[in-house]
Engineer: 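Structure incoming, see below.
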Amino acid sequence: MGLALALPAVQTGCVEDITVPDEAPPTLLAIGQPQTVELRFLRLDVKNYEQVLTQTDLQNEEKFPRSILEDVWVLDYPMTDSVEQVLQQLSELPPSEADKLPVAAQNMRRLLNMTADNVNLEGTKLEKMIGLAGSVGIPPAKVLAALMGVQVSERSIPFALGAEVLLDLVLGSHPNAKFRLGPVTKEHPDGQYPIAARSLPITMWDVVSTSRTSANASALPATTLASSARSKASRSAAPWRCTSGPI
């Protein structure tokens, strides 16, 4: 019994205390002081890797919800050419179709087709001044054409000029035509990003969506321009590809 009681005491006295040394605080290296650094990497050889996402894939709302696609900005689409095309189509509408348009669209059409020969100056400041030309034997249309720098039968407002005025003073005055939402960064703490002048921000949803119906060419630019830009971007979009490279 005495030997059994003494044995644990002997074993306990033979075990050394374990101490964990404190980590030495890191010290800054002096300039020119050599240092050995061990680099590790995992090699992954990939050849002819290609992943393709088609419009059909991106339209799968279970995998790509609309809320996500709408947050992916693709580009600022220049609108000048699209607006010019809309204005030209509006001016070339047959009278039978033009008569069915809203009053504002009919007024725009008359303005686009205005020449020095068919302009109506009644009630304007130019009415009396142009009237003086007739009293001295000069055709009023010829005087008005000279003032505008065009020929008598030439269109007074070129489509390019009309497009610039609409984009700068009408559509461009809307807040959504000046800024778009984006990720919050140090440079953009409010998440607001400027939109390129005379452009429409296009998101991934605009590119992949085929459910949008094309607006009638006779509609006012506020709806027609957005539909035209989105339709053009959607038709010209190629499948999104990830080719061989870093993974």
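Fair warning: this is a prediction, and the values are worked out from it, not measured in the lab.
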Engineer: Checking one residue: V37. Which other hydrophobic residues are in its cluster under the side-chain 4.5 Å linking rule?
Structural biologist: L39

Engineer: Any chance you could lay out the side-chain contact (heavy atoms from CB on, under 4.5 Å) test for V165 and I157, step after step, and finish with the verdict?
Structural biologist: CA-CA 11 Å; V165 172; I157 303 177; over 6 Å; no

Engineer: Which atoms form the tightest heavy-atom contact between G172 and A177, and what is the distance?
Structural biologist: CA-CB, 4.1 Å

Engineer: What about L181 and W73, same hydrophobic cluster or not, with Ile/Leu/Val/Met/Phe/Trp/Tyr joined at side-chain heavy-atom distances under 4.5 Å?
Structural biologist: no

Engineer: Is there a side-chain contact (heavy atoms from CB on, under 4.5 Å) between L87 and V83? Walk through the geometry before answering.
Structural biologist: CA-CA 6 Å; L87 295 180; V83 177; 4.1 Å; yes

Engineer: Under the ring-ring contact (aromatic ring centres under 6.0 Å, His included) definition, can you give me all pairs with a residue in residues 148-197, not counting sequence neighbours?
Structural biologist: H188-Y193

Engineer: Taking all non-hydrogen atoms of both residues, which atom of N113 and which atom of N118 are closest, and how far apart?
Structural biologist: O-ND2, 3.2 Å

Engineer: State whether the number of non-hydrogen atoms from other residues, nucleotides or ligands found under 6.0 Å of E127 atom CD is greater than 12.
Structural biologist: yes

Engineer: Where is the tightest heavy-atom contact between S199 and P78, given as atom of each residue plus distance?
Structural biologist: OG-CA, 3.7 Å

Engineer: Thinking salt bridges, do E38 and R40 make one under a 4.0 Å N-O criterion?
Structural biologist: yes

Engineer: Spell out, as yes or no, whether a donor-acceptor pair under 3.5 Å connects the side chain of Q106 to the backbone of D99.
Structural biologist: yes

Engineer: Only one of V72, I68, D71 passes side chain to side chain contact (heavy atoms under 4.5 Å, CB included) with M204; say which it is.
Structural biologist: V72

Engineer: Please give me the minimum heavy-atom distance between A116 and S156, naming the atom from each residue.
Structural biologist: N-OG, 3.8 Å

Engineer: Indicate, with yes or no, if L132 and L147 share a hydrophobic cluster defined by side-chain heavy-atom contacts under 4.5 Å among Ile, Leu, Val, Met, Phe, Trp and Tyr.
Structural biologist: no

Engineer: Going only through I, L, V, M, F, W and Y residues with side-chain contacts under 4.5 Å, is there a path from M79 to I195?
Structural biologist: no

Engineer: Could you tell me whether a side-chain N or O of D76 sits under 3.5 Å from a main-chain N or O of A196, the two making a donor and an acceptor?
Structural biologist: yes

Engineer: Quick test of your reading of the model: are R43 and D45 salt-bridged, counting only N-O distances below 4.0 Å?
Structural biologist: yes

Engineer: Do side-chain atoms of E154 reach the backbone of Q151 as a donor and acceptor pair under 3.5 angstrom?
Structural biologist: yes

Engineer: Find out if a path of hydrophobic residues (ILVMFWY) with successive side-chain heavy-atom gaps under 4.5 Å connects V152 to L111.
Structural biologist: no

Engineer: For P95 and R109, work out which heavy atoms get closest and say how close.
Structural biologist: N-NH2, 4.2 Å

Engineer: Within the side chain of D206, is there an N or O that forms a donor-acceptor pair under 3.5 Å with the backbone of T203?
Structural biologist: yes

Engineer: Does anything in residues 180-205 pair up under salt bridge (Lys or Arg N to Asp or Glu O under 4.0 Å), and if so which pairs, sequence neighbours excluded?
Structural biologist: E164-R198, D168-R198

Engineer: Run the side-chain contact (heavy atoms from CB on, under 4.5 Å) test on S67 and W205 for me, step by step, so that the C-alpha distance in whole Å, both residues' side-chain angles and the decisive distance to 0.1 Å come before the verdict.
Structural biologist: CA-CA 9 Å; S67 59; W205 172 255; over 6 Å; no

Engineer: Please test D117 against L144 for side-chain contact (heavy atoms from CB on, under 4.5 Å), starting from the C-alpha separation and ending with a verdict.
Structural biologist: CA-CA 8 Å; D117 193 35; L144 186 59; over 6 Å; no

Engineer: Ignoring hydrogens, what is the shortest heavy-atom contact between I202 and Y77? Give both atom names and the distance.
Structural biologist: CG1-CB, 3.6 Å

Engineer: Keeping the roles fixed (side chain from T124, backbone from E122), state whether a donor-acceptor pair exists under 3.5 Å.
Structural biologist: no

Engineer: Distance alone, cut at 3.5 Å: any donor-acceptor contact between the side chains of Q89 and Q85?
Structural biologist: no

Engineer: Please check if L112 and V170 belong to a single hydrophobic cluster, counting links between Ile, Leu, Val, Met, Phe, Trp and Tyr side chain heavy atoms closer than 4.5 Å.
Structural biologist: yes

